[in-house]
Amino acid sequence: MKVSGILYHLELEDSKVILYLRSGERRIIAEAEMRPYFYVIDGKIEELKGFKAREKGRELRVMEWERVKRLVDGVEKEVWKVYCNHLDCAKLIERKFPTMNIRGARSDPLQVFLIEKGLEPLCRVEIFGEPVGERIRVKEIRKVGEGSLDELKILYFTLLVKSEDGFPIPEKQSISIICCLSDEMKCFSSDDDREAIRKFIEYFQEEDPDVIIGYAQDSEDFPYLLRRAKLQGIDLKLGVLGREIIETGKYFRGMIIKEVIIPGRANIDLFPIIYRDFPQLPTKRIGEVCEELGVGEFVDIPNYKLKELSSKDLEEYAKQKIMAIKKVAEKELGFQIELSKLCSLPISRVPRLTIGELVDALIFKEAMLRGWILPDRGAIEVEEGYYAGGEVWLKAPGIYENVGYYDIRSMYPSIIKLYNLSPEVFDCKCCSEKNLRELGIKHWTCSKRKGLLAQIVEELIEMRRKVKEEMKRAKGEEYEVLYAKQYVLRVIANAIYGYTGWSSSRLYKKDLAETITAIGRIYIKKIRELVEKLGFEAIYLDTDGIQVIPRRSPDFQGLLLKLNKEISLEVELKHVARRAIFFAKKKYCHLVDGKLEAKGLELVRRDYPKFIKEVQKKAMEMLLSGKSYAEVKNYVDRARKLIEEHKLKKEELVLVEQLAKKIEMYERSSKIKVCAEWLKKEKGIELHRGMSVEIIIIKGTGPVNYRARPVQFFSEEDLDWEYYLGLFDQVMERSLAIAREEGLKRFFK
DNA sequence: TAACGCTGCTTACCT
DNA sequence: ACAGGTAAGCAGCGTTAT
């Protein structure tokens with residue numbers, strides 16, 4: 001028989017790949033046999049022939065072996081390809097034979113499956129096979145077209161719990177409301193949550209969604225729901241065909257996070273995506289995310305304030321929250337889908353991977369398609385010491401007018417492409433012409449073969465160029481898809497240099513990473529020299545960017561043309577700032593089209609009190625728009641009075657810090673560490689790595705950091721106003737010093 | 001014993 | 001847990017002034 005549908009989810013079951021397809025109203029479940037394998041690069045495999053072992057009650061054994069030709073780190077070799085009956089068999093053999101040169105035993109089987117079959121996540125597939133029970137056993141599978149989320153059944157999900165302090169405990173507090181959105185909005189609540197959970201499960205099974213989308217549902221909603229359901233004696237059968245959901249712990253970005261598996265459905269948690277892709281957002285609450293993405297307003301109500309809402313208001317809030325989740329998903333999921341296609345990974349896996357892991361997945365895929373076998377991750381020995389990065393230079397702090405900001409377009413990717421940089425051709429044995437010597441670099445690249453990394457980067461750049469070309473003619477939905485495609489191509493290309501210097505990457509080579517940054521420094525310094533020759537003065541450099549002021553005529557476009565004639569990388573003019581203030585390296589602000597653009601200033605940092613940031617912002621705007629020192633000073637002094645006279649609300653003095661490591665790992669007490677300890681001791685609340693807290697400083701004796709507290713438990717009377725005054729003065733002093741000195745200079749002229 | 005000064009930990013930022 | 005470069009606040013601790 002032949003079936004077709006959108007491939008929306010894949011799972012691993014022993015050595016089978018289970019495929020979930022959506023075909024109109026129907027769901028198709030198929031299973032494909034896969035033969036797990038690994039490579040033995042050189043040496044004998046006699047010991048492996050007939051290998052058998054028992055582990056967790058299963059028999060693991062080697063099935064077959066064959067001699068195949070592959071490119072091992074770019075060198076053609078005959079290697080052994082060894083097939084086994086189970087994935088764990090490959091891993092066991094790798095552990096048991098540490099001296100054997102084994103590769104690929106830990107490769108992602110679902111990714112390998114997708115690559116081997118030429119499939120894309122969310123594509124339309126055709127399957128030839130025969131039915132076995134509820135499934136179809138796959139004989140042949142192929143991609144026959146494109147698909148999209150629109151063709152799938154999506155269910156948005158969230159729940160709310162009222163609690164005293166915002167950290168509810170399942171044993172004490174029942175779920176106040178569960179809210180779902182598919183074709184329509186549905187809310188479930190009851191006095192005790194037993195009925196609500198029952199009805200929710202019933203509804204969920206009836207809806208039978210392909211994709212579940214929420215915000216922090218893996219770390220919060222589902223674990224809470226699981227505990228409550230257990231207490232109420234209810235099974236949480238939310239999987240396809242009534243299978244129960246599975247809670248797992250996984251090491252992610254240096255911390256244990258919970259991952260919930262809902263068999264047969266793609267469970268997509270937006271929170272880890274936001275955590276990874278929007279590190280600049282201090283709280284990561286949905287309202288903040290909505291604002292960042294420009295998808296409308298949503299006012300977050302902190303968990304500790306939910307108790308003040310009536311049932312009606314709570315329901316209204318839940319509905320608004322789920323609409324906000326939907327908007328964030330609609331804006332953000334396009335990128336994740338394109339990432340999953342680019343890297344050949346199931347869509348539900350992508351949100352949980354770091355950028356490094358995504359780059360690694362792409363490198364693995366491209367290597368596999370070329371018949372290469374690369375080292376496994378973490379297999380290359382790490383070289384000691386650090387290497388130099390980008391050039392950073394500031395002529396002098398001060399106020400400048402007419403500042404042109406130029407940068408080298410995609411500098412590191414362009415360097416990799418232009419100089420054919422890749423580990424296997426770096427310092428090759430075959431070349432006598434040491435081509436990087438002319439740049440003053442002691443290394444060289446091969447002039448006979450094109451390196452793998454350079455090939456991949458070139459392809460990414462070329463693909464992006466084509467997509468951007470198509471974008472010119474595209475509109476609406478099509479445009480959005482193309483935009484997402486070019487965006488992920490850029491993100492991945494930009495991370496490739498870092499990947500070469502990442503100690504656990506397959507292509508780790510410190511000297512190579514160092515060479516890339518060294519070439520970057522040479523180029524930006526060369527541009528500085530040119531700029532100086534062409535009638536401009538360089539005032540600031542950072543890595544791939546240079547800021548200049550005109551000595552005579554401010555012909556910034558003319559300078560751009562001249563630079564591009566001289567330089568083999570592409571130079572762009574980002575903008576010309578009417579006026580700019582430089583405080584230090586990585587701390588400056590520009591006035592561009594009447595708007596303030598601040599970099600590194602306190603006002604962009606989450607760990608400064610909100611009020612101080614607002615006053616600084618206003619002061620910067622005044623200075624940039626030409627107000628005198630005296631005027632600005634006057635404004636700042638009036639603002640200062642509000643602190644002096646205790647006329648601010650505690651919310652205006654809040655700062656945010658993120659717990660960067662496990663509490664035991666601290667050698668000093670930071671504000672966030674003290675808050676984490678206080679929450680544990682006083683409230684029994686445990687903060688885990690990566691969580692942020694809104695902090696205020698209370699009065700008392702001892703060092704300030706020891707007086708940091710979560711804002712919700714204290715009032716204005718508790719605040720250490722003197723501390724805020726001191727910090728305010730410190731920040732304002734250095735913010736205004738430049739204008740003051742500038743004024744003095746004029747006075748003495 | 002308070003004040004001072006230095007070191008290096010800590011956080012968050014820039015490219 | 002893609003890389004390195006940077007500023008700033010302040011704990012922690014030894015030294016100096018009182």
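Here is how names work: the chains are called A, B, and so on, in the same order as the sequence lines, proteins then strands, and each is numbered from 1.
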Is A/K587 touching bases, backbone alone, or none of the nucleic acid, heavy atoms closer than 4.0 Å? sugar-phosphate
Check the distance between C/dG9's P and A/I695's CD1 and give it to me in whole angstrom. 16 Å
Identify, with sequence neighbours excluded, every residue that meets side chain to side chain donor-acceptor pair (under 3.5 Å) alongside A/K365. A/S344
In this structure, how many angstroms lie between the C1' atom of C/dA3 and the CG atom of A/D511, rounded? 15 Å
For the residue pair A/F582 and A/Y540, does the interplanar ring angle fall in the parallel (under 30°), tilted (30 to 60°) or perpendicular (over 60°) class? tilted
Does A/N705 make a side-chain N or O approach to OP1 or OP2 of C/dC10 shorter than 4.0 Å? no
Rounded interatomic separation in angstrom, taking CG from A/L603 and C1' from C/dA8: 15 Å
Treat primed atoms plus P, OP1 and OP2 as sugar-phosphate and everything else as base, then score nucleotides 4-12 of chain B 5' to 3': B for base contact with protein heavy atoms under 4.0 Å, S for sugar-phosphate contact only, - for none. -----SSBB
With sequence neighbours left out, write down each residue that passes salt bridge (charged side-chain N to carboxylate O under 4.0 Å, His left out) with A/E529, or none if nothing qualifies. none
Which part of the nucleic acid, if any, lies within contact of A/V392, taking any heavy atom under 4.0 Å across all strands shown: a base, the sugar-phosphate backbone alone, or nothing? sugar-phosphate
The salt bridge (charged side-chain N to carboxylate O under 4.0 Å, His left out) partners of A/K673 (sequence neighbours excluded) come to A/E677
C/dT6 C1' sits how many Å from A/F583 CZ, rounded? 16 Å
Just checking A/Y608: base, sugar-phosphate only, or nothing, at a heavy-atom cut-off of under 4.0 Å? sugar-phosphate
List for me each residue that meets side chain to side chain donor-acceptor pair (under 3.5 Å) alongside A/Q730, sequence neighbours excluded, and say none if there are none. none
Atom pair distance, as rounded to whole Å: CG in A/L362 and C1' in C/dC2: 13 Å
Whether A/E357 and A/R276 form a salt bridge (side-chain N of Lys/Arg under 4.0 Å from carboxylate O of Asp/Glu) is what I want to check. no
Would you call A/R709 and A/D718 a salt bridge, using N to O less than 4.0 angstrom? no
Tell me the salt bridge (Lys or Arg N to Asp or Glu O under 4.0 Å) pairs involving residues 485-495 of chain A, sequence neighbours left out? A/E338-A/K485
A/K586 side chain near C/dT6 phosphate (N/O to OP1/OP2, under 4.0 Å): no
Is there a residue in residues 497-509 of chain A whose heavy atoms reach under 4.0 Å of DNA chain C, and which residues are they? A/Y497, A/G498, A/G501, A/W502
Could you pull out all residues at least two apart from A/R605 that satisfy salt bridge (charged side-chain N to carboxylate O under 4.0 Å, His left out)? A/D607
Mind checking what makes salt bridge (charged side-chain N to carboxylate O under 4.0 Å, His left out) contact with A/D269, not counting sequence neighbours? none
Write out all pairs satisfying salt bridge (Lys or Arg N to Asp or Glu O under 4.0 Å) with one or both partners inside residues 719-733 of chain A, taking only residues at least two apart or from two chains. A/R640-A/D729, A/R707-A/D720, A/E733-A/R740
If you take any heavy atom closer than 4.0 Å to DNA chain C, which residues from residues 405-427 of chain A end up in contact? none
Does any residue of residues 718-736 of chain A have a heavy atom under 4.0 Å from DNA chain C, and if so, which ones, in number order? A/Y723, A/Q730, A/R734
